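Treat the numbers as computed from the prediction; the structure is a model and nothing was measured.
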Amino acid sequence: MVKLLADKGIKDTNVLGAIAKIPRHLFLNSSFESFAYEDKAFPIGADQTISQPYTVAFQSELLAVKPGDKILEIGTGSGYQTSVLCLLGAKVYSIERQNELFKKTSLLLNKLGIRPKHLSFGDGYKGLPTHAPFDSIIVTAGAPFIPKPLMSQLKVGGKLVIPLGEDPQIMTMLIRKSATEFEKHEYGEFRFVPMLEDKN
């Protein structure tokens, strides 16, 4: 699978190395285990999916993670992206809106010995203001717009990577240049489940 990702253009050897170490089949329902190392997305329950490995690698590469980076992840999902970020040395703060997935993934990550700094059940649109600011923010669901709370929780110099729009989404990166100025970059079409809100 790692060779496939490299052939598709992923160049960050740290990202490829992290993906090589993670047993993706453990993050899937058992009926999909035999397909775990194909570059495909699969359902994981609660109408959510585990992203295809290329998407995980692409978003991780855009973040250019350095050990010790404080990263907010919107959409814990199966915990696969969370695990990649943890193996890259990030301090990961992650929010999941689906309680079923939040409970299941919390148990799985603990069993695998993967230790995010903070896992929470809640509304990703609001971010985690009590833990801000963050070096980077990654959104793993399709957002109709860029939530202002996430922009405000990003450090100057930090990156927000978010799939924007309807299906398909445009992978978008904002770099915070100052208190009020953001630089925008776009990286083509991807497909994600919608980002949901209004969870207390």
Side-chain angles (χ1 to χ4, degrees), residues 1-63 65 71 73-88 90 92-116 119-122 124 138-143 161-171 187-196 199:
M1 188 172 78
V2 169
K3 183 182 183 304
L4 174 66
L5 298 180
D7 288 345
K8 291 181 85 167
I10 301 300
K11 296 181 176 64
D12 189 324
T13 54
N14 291 327
V15 170
L16 293 172
I19 286 174
K21 291 176 186 171
I22 296 171
R24 189 172 185 247
H25 65 278
L26 297 180
F27 296 84
L28 298 176
N29 294 333
S30 57
S31 55
F32 298 114
E33 274 189 14
S34 60
F35 306 104
Y37 298 96
E38 295 181 13
D39 191 26
K40 293 179 180 175
F42 294 102
I44 54 170
D47 294 324
Q48 304 300 301
T49 60
I50 181 173
S51 292
Q52 69 184 91
Y54 176 73
T55 303
V56 172
F58 191 90
Q59 285 194 288
S60 301
E61 187 170 70
L62 284 180
L63 291 179
V65 180
I71 297 180
E73 178 190 34
I74 307 299
T76 316
S78 69
Y80 184 66
Q81 175 74 76
T82 317
S83 302
V84 171
L85 295 173
C86 287
L87 260 66
L88 288 169
V92 182
Y93 296 72
S94 191
I95 305 174
E96 174 53 52
R97 185 188 175 278
Q98 302 288 350
N99 203 22
E100 170 193 342
L101 285 181
F102 169 69
K103 291 176 179 175
K104 180 179 171 184
T105 299
S106 298
L107 290 171
L108 175 63
L109 293 177
N110 189 53
K111 182 179 173 184
L112 295 176
I114 293 168
R115 304 273 187 266
L119 290 176
S120 63
F121 166 57
I138 179 173
V139 179
T140 63
V161 173
I162 181 169
L164 274 182
E166 301 300 322
D167 185 21
Q169 292 87 23
I170 301 298
M171 189 68 74
Y187 296 92
E189 294 183 352
F190 287 78
R191 283 187 160 80
F192 286 80
V193 294
M195 183 175 169
L196 306 173
K199 203 72 175 177

Gap separating the CZ atom of R24 from the CD1 atom of I22, nearest 0.5 angstrom: 11.0 Å
Straight-line distance of I10 CD1 to S60 OG, nearest 0.5 Å: 8.5 Å
Residue pair N110 / R115, side-chain heavy-atom distance below 4.5 Å: yes
Exercise: identify the closest heavy-atom pair between I71 and A90: CD1-CB, 3.6 Å
Heavy-atom side-chain contact between L88 and L63 under 4.5 Å: no
Which atom of I44 lies closest to which atom of K104, heavy atoms considered: O-NZ, 3.8 Å
Atom pair CD1 (I19) and CD (Q81), whose distance is rounded to the nearest 0.5 Å: 8.0 Å
Test item: S78 side-chain N/O and Y80 main-chain N/O as donor-acceptor pair under 3.5 Å: yes
K103: which of N99, L107, T105 passes side-chain contact (heavy atoms from CB on, under 4.5 Å): N99
Minimum heavy-atom distance between L5 and P53, given as atom pair plus value: CD2-C, 3.8 Å
Atom pair CG (L101) and CD1 (I50), whose distance is rounded to the nearest 0.5 Å: 11.0 Å
Side chain to side chain, L108 and F27, heavy atoms closer than 4.5 Å: yes
Spatial distance of atom OG1 (T49) from atom CZ (F192) [nearest 0.5 Å]: 8.5 Å
Residue list, salt bridge (charged side-chain N to carboxylate O under 4.0 Å, His left out) with E100, at least two apart or on another chain: none
Donor-acceptor under 3.5 Å (E61 side chain, D12 main chain): yes
Side-chain donor/acceptor of T140 to backbone N/O of I74, under 3.5 Å: yes
E96 (side chain) donor-acceptor with T76 (main chain) under 3.5 angstrom: yes
Y37, OH: over 12 other non-hydrogen atoms inside 6.0 angstrom: yes
Any donor-acceptor N/O pair, S51 side chain to V56 backbone, under 3.5 Å: no
Point-to-point distance, once rounded to the nearest 0.5 Å, from CZ of R97 to OG of S120: 13.5 Å
Aromatic plane relationship, F190 with Y54 - under 30° parallel, 30 to 60° tilted, over 60° perpendicular: parallel
Minimum-distance pair of heavy atoms, taken over all atoms of Q59 and V139: NE2-O, 3.0 Å
Q169 backbone acceptor or donor facing R191 side chain under 3.5 Å: no
Any V65 side-chain heavy atom under 4.5 Å of L85 side chain: yes
More than 12 heavy atoms of other groups within 6.0 Å of D39 CG: yes
side-chain contact (heavy atoms from CB on, under 4.5 Å) assessment of E33 paired with F42: CA-CA 10 Å; E33 274 189 14; F42 294 102; over 6 Å; no
Least distance between heavy atoms, G79 atom then L109 atom: O-CD2, 3.8 Å
Within-4.5 Å side-chain heavy-atom neighbours: E73 and I95: no
Heavy-atom pair with the smallest gap, counting every atom of A36 and M1: O-SD, 4.3 Å
K111 vs L26 side-chain heavy atoms within contact, under 4.5 Å: no
Y187 side chain reached by P163 side chain, heavy atoms, under 4.5 Å: no
More than 12 heavy atoms of other groups within 6.0 Å of K40 NZ: no
Heavy-atom check, side chain of S106 versus side chain of F121, under 4.5 Å: no
